[in-house]
Structures are given as C-alpha cells and as structure tokens.
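Below: the structure, in structure tokens.
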Number of protein chains: 2
Amino acid sequence: MEEKKIEILTRASGVILRHGVRSVTMDDITSELGISKKTLYQYFTDKDSLINAIIDLKLGNDRAICLSSIENAENAIDALFLISKSICENVAAVNPTVFYDLRKHYPVAWQKVCAHKMTFVYDMILNNIQRGIKEGIYRENMNPEVVARLFVAYGDVIMSGEIFPWPEFHYDQVYFETTSFHIYGMSNKKGIEYLNKRELNE
Amino acid sequence: MEEKKIEILTRASGVILRHGVRSVTMDDITSELGISKKTLYQYFTDKDSLINAIIDLKLGNDRAICLSSIENAENAIDALFLISKSICENVAAVNPTVFYDLRKHYPVAWQKVCAHKMTFVYDMILNNIQRGIKEGIYRENMNPEVVARLFVAYGDVIMSGEIFPWPEFHYDQVYFETTSFHIYGMSNKKGIEYLNKRELNE
DNA sequence: TAAAAACTTTTTAGTGTAAAATAGTTTCCA
DNA sequence: TGGAAACTATTTTACACTAAAAAGTTTTTA
C-alpha cells in the first residue's frame, strides 16, 4: 500500500473513530485532512471501503498488541492484566456511536468486529485459560467455553453504558475491576497467592 | 382484589409471558380464558393496566422467592445458589420477546422491570456481598458496586442470546455456570473450601 | 498535479394518507 | 349475569411523496 494511502487511512481513522461513522461525512474528512475529494476517492472507491479499511487497521493493531502482551507475560494472569490494560487504552479512544453506526449501516465492517470478538478474543481467552491451568494457577473445575464467553460479554456490558452509566463509572476503572474480578474467579489457591503478591507490589 | 380478577390475571399472565405482549391480543386472551371482552374490561380498564398488573405480579413473586431463599440459606454462598436456581426456573419460562415488547411499547412496565433489576436485584446482591464478607467467606478486596452490577448484567447477557446462542447453550446451564463462576470470584480461601465441600456432596 | 468548487445522483429524514389490525364499546341472547 | 357477536374508535403499518443531506463525479483553477 502506498505511503499516501496509509497516511489518509490513519488520519481518517482518527477522525471517524473519535466522532462516529455517520457523523463524519466524506466532506468532513477531506477538509479535516486538507485534501480534495478527488484524491480521497482516488485511494478509496467509496465510503464503505474506507470504513472497512479503518476497521481492518484497528483490529489488526489490537491483535498485534494482544499477541505481544501474551508473549511478554510471565504467566497467564500477568498476560490477562497486560491485555486488559492495552484494550482499555485502545477501546477507550473509540466513540461508542461507532459500534452503533457500524451495526446499523455497515454490515461488512460490523461482521468483522463481531468475528474479532467471537473468534480472536474468544480464542485468546480460551488459550489463556488453558495456559493458566497448565501453569497450575487456574482452577480446573470451570467450564472454559462459558467463562471465556463471559469475558467477551464484559466488553459489550461496559460499552453499552446501561449497567455502568457514565459519569458515575468510567470505562477504564470498571474494565480494570472487572478483569481482576474475572481473574480471581478463574484462579486457584496458587493463582490467588500470586495475585496477592502482585497487589502488594503496586 | 377479588378472586375472579386474580384468576384472570394469573391465567392471562401465563399466556402473555409465554408468547409475548404484542403477539397476544385482547381477543386472544378472552378466547383463551373462555371469557367475554365485557368481563375482561370489567376488571382491567385497558391492555396497559393488564400488562402492568402482570408485571407487578411477576416481579412480586420473584422477590418473595428470593427473600425466602435468603432466609433459609445457611450462608451467603448457599443463598446465591438458591436464588440463582429459582431465578432460572422463573425466567426460563418467560419468552425473551416479552422484554423486547415491553421496552418498545410499554414504558411504564419496562421501567418496573429495570427498576427491579437495578434496585431489588442489585441491593440483594450487594447485601449478599456484605453478608459473605461478614461471614468470612467472601474476599474483602473487591469493589462491591462493580461486582454487584456485573451480576445484574449476566441476566441481560444470557437473555440476549448473542453471546450464548441457543441451542448450543441453554439458559439454565449457562446461568448455573455463570453463578458458580461469580461465587468463586467473590470467595476467599474459606469460601472456596466451602464450595469444594459442596461440590463433593452433589 | 491536486485543491476548490460546481454539479449530479443516491440516501435519508420527515410528512401525509389509506388500509389493516387491534383496542375498546355496545347490543343481543341464553 | 356473562358469553358471543357486531360494532366503533384508535393505533399500526405500509406506501408514496417531498425536501434536505450526503455520496460520488466532473469541471475549473492555481
């Protein structure tokens, strides 16, 4: 991909993820980036393809960050904390209306997001559970499929804002509390000892 | 309330909660109960008041069952298991479209349902957390407000069917798994010992 | 060559209206 | 008295239409 296309993509991504897909028009993007419509349409045939590219870019970045977190973590618990920290930083910058807009008007992009949650995130958590069990810090008497899906669901619950209304609650705090609670729920005796030790160091 | 009104209410409740609010017309109810519209409207001025009465009845029953579970339980963990068992039995009999219909067309009734979740259920779980801490079986290092709201959220997640699609997953099984996971997440060493002992007895 | 501007086409929000469905009322009859 | 049916009133729904906005294209200009 040409350098110019990448620049347009990343800058447009910033505007759209911050303000919503519907709210930002193609004219808004051109004037925001200081380019003409001609140029914009030279690189992206229509708004749909631009949105799809933005979502691909975003999900790709998220995945890369998660995978590096997993590699650098000393154990399953540490990995989950690292992941939740980066998810927090990444998703907090996305306006919730983006998800609403995608679901309603951009079925292809929305499908990508759903697939990302139900395959990548789900598989990642499922692997994390297996890793934790193998490392002897997670309980063996839980249902991995249900527990992993529960973790996936947290994102929706927190983002919807119904149960944790802003400004009484803040995404990042709730997400952190939720993740630690989830880790406690999965941990066995040895895992909880590690958690306690971890808490002391903070 | 007269005996006849109660009979009409309970029987209409059965039909409506099973098939949905919008799907069941006033004519359906009269023919199903074998009464005339004259009689039905003698006891309920309009459909709205009937629906509201049904919701009041339903929520009242649910509350009564929960409160008796709490009293009869030997400790906080036992109480949560009893509650989740009765919630399961009660909510599983309600067609999910009922919630959809209420939310969209019966704002007063929907408000009752939301208030029930956000006050009664939430307070109940908050009390349960305090009880468990006092009984020395729950951790003290958790955020009760977040953890209680998380429990409230499970209901929505499971009922929506997006994360746990039927028929791959069944309400009652997922609800049971989820509740036990949640209890593990709240329990401390002593609580987990009680849980292990409990599992052996099953 | 690419931005700016002017332009055309498509999508969407909003409105009005007719038909259908349902709520709610009245009448008749066992 | 209360059920059955016929009736009226209200609400929903569907469709057509209009106006505005935004997508997408072409032309002009620096």
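Just so you know, these numbers use all the heavy atoms, side chains as well, and skip hydrogens, waters and symmetry mates. Here the structure is a predicted model, which is why all the values come from computation and not from measurement. Protein chains get the first letters and strands the later ones, always in sequence-line order, with residue 1 at the start of each.
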Can you check the [X] [atom1] to [N] [atom2] distance for me, whole Å?
X: D27(B); N: dA5(D); atom1: CG; atom2: C1'; value: 11 Å
X: F44(A); N: dT25(D); atom1: CZ; atom2: C1'; value: 19 Å
X: Y43(B); N: dT25(C); atom1: OH; atom2: P; value: 17 Å
X: K38(B); N: dC29(C); atom1: NZ; atom2: P; value: 13 Å
X: K37(B); N: dT27(C); atom1: NZ; atom2: P; value: 16 Å
X: L33(B); N: dG2(D); atom1: CG; atom2: P; value: 15 Å
X: D28(A); N: dG24(D); atom1: CG; atom2: C1'; value: 15 Å
X: Y41(B); N: dA4(D); atom1: OH; atom2: C1'; value: 16 Å

Subject >> Y41(B) and D46(B): side chain donor to acceptor below 3.5 Å >> reply: no
Original post:
Is any NZ, NE, NH1 or NH2 atom of the basic residue among E74(B) and R198(B) found under 4.0 Å from an Asp or Glu carboxylate oxygen of the other?
Top reply: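 So E74(B) does not pair with R198(B) through a salt bridge.
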**OP:** May I ask you to decide whether E135(A) forms a salt bridge with R131(A), counting only side-chain N to carboxylate O separations under 4.0 Å?
**Re:** yes
Original post:
Are K5(A) and F44(A) in a cation-pi contact, defined as NZ or CZ under 6.0 Å from the six-membered ring centre and within 45° of the axis?
Top reply: yes
**OP:** Would you mind classifying the nucleic acid contact of K47(A) as base, sugar-phosphate or nothing, using non-hydrogen atoms under 4.0 angstrom?
**Re:**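 Sugar-phosphate contact only.
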Among [options], which is the nearest nucleotide to the side chain of [X]?
X: M26(A); options: dG24(D), dA23(C), dA3(C); value: dG24(D)
X: R22(B); options: dT13(D), dG24(C), dA3(C); value: dT13(D)
X: I35(B); options: dT28(D), dG3(D), dA23(C); value: dG3(D)
X: S36(B); options: dA23(D), dG24(C), dG3(D); value: dG3(D)

Subject >> Close aromatic pair by centroid cut-off 6.0 Å: H170(B) and F164(B) >> reply: no
**OP:** Please tell me which of D48(B) and Q42(A) maps to the more 5' nucleotide of DNA chain C, matching each residue to the nucleotide holding its nearest heavy atom.
**Re:** Q42(A)
Subject >> DNA chain D: 5'-proximal contact among T30(B) and H105(B) (nearest heavy atom) >> reply: T30(B)
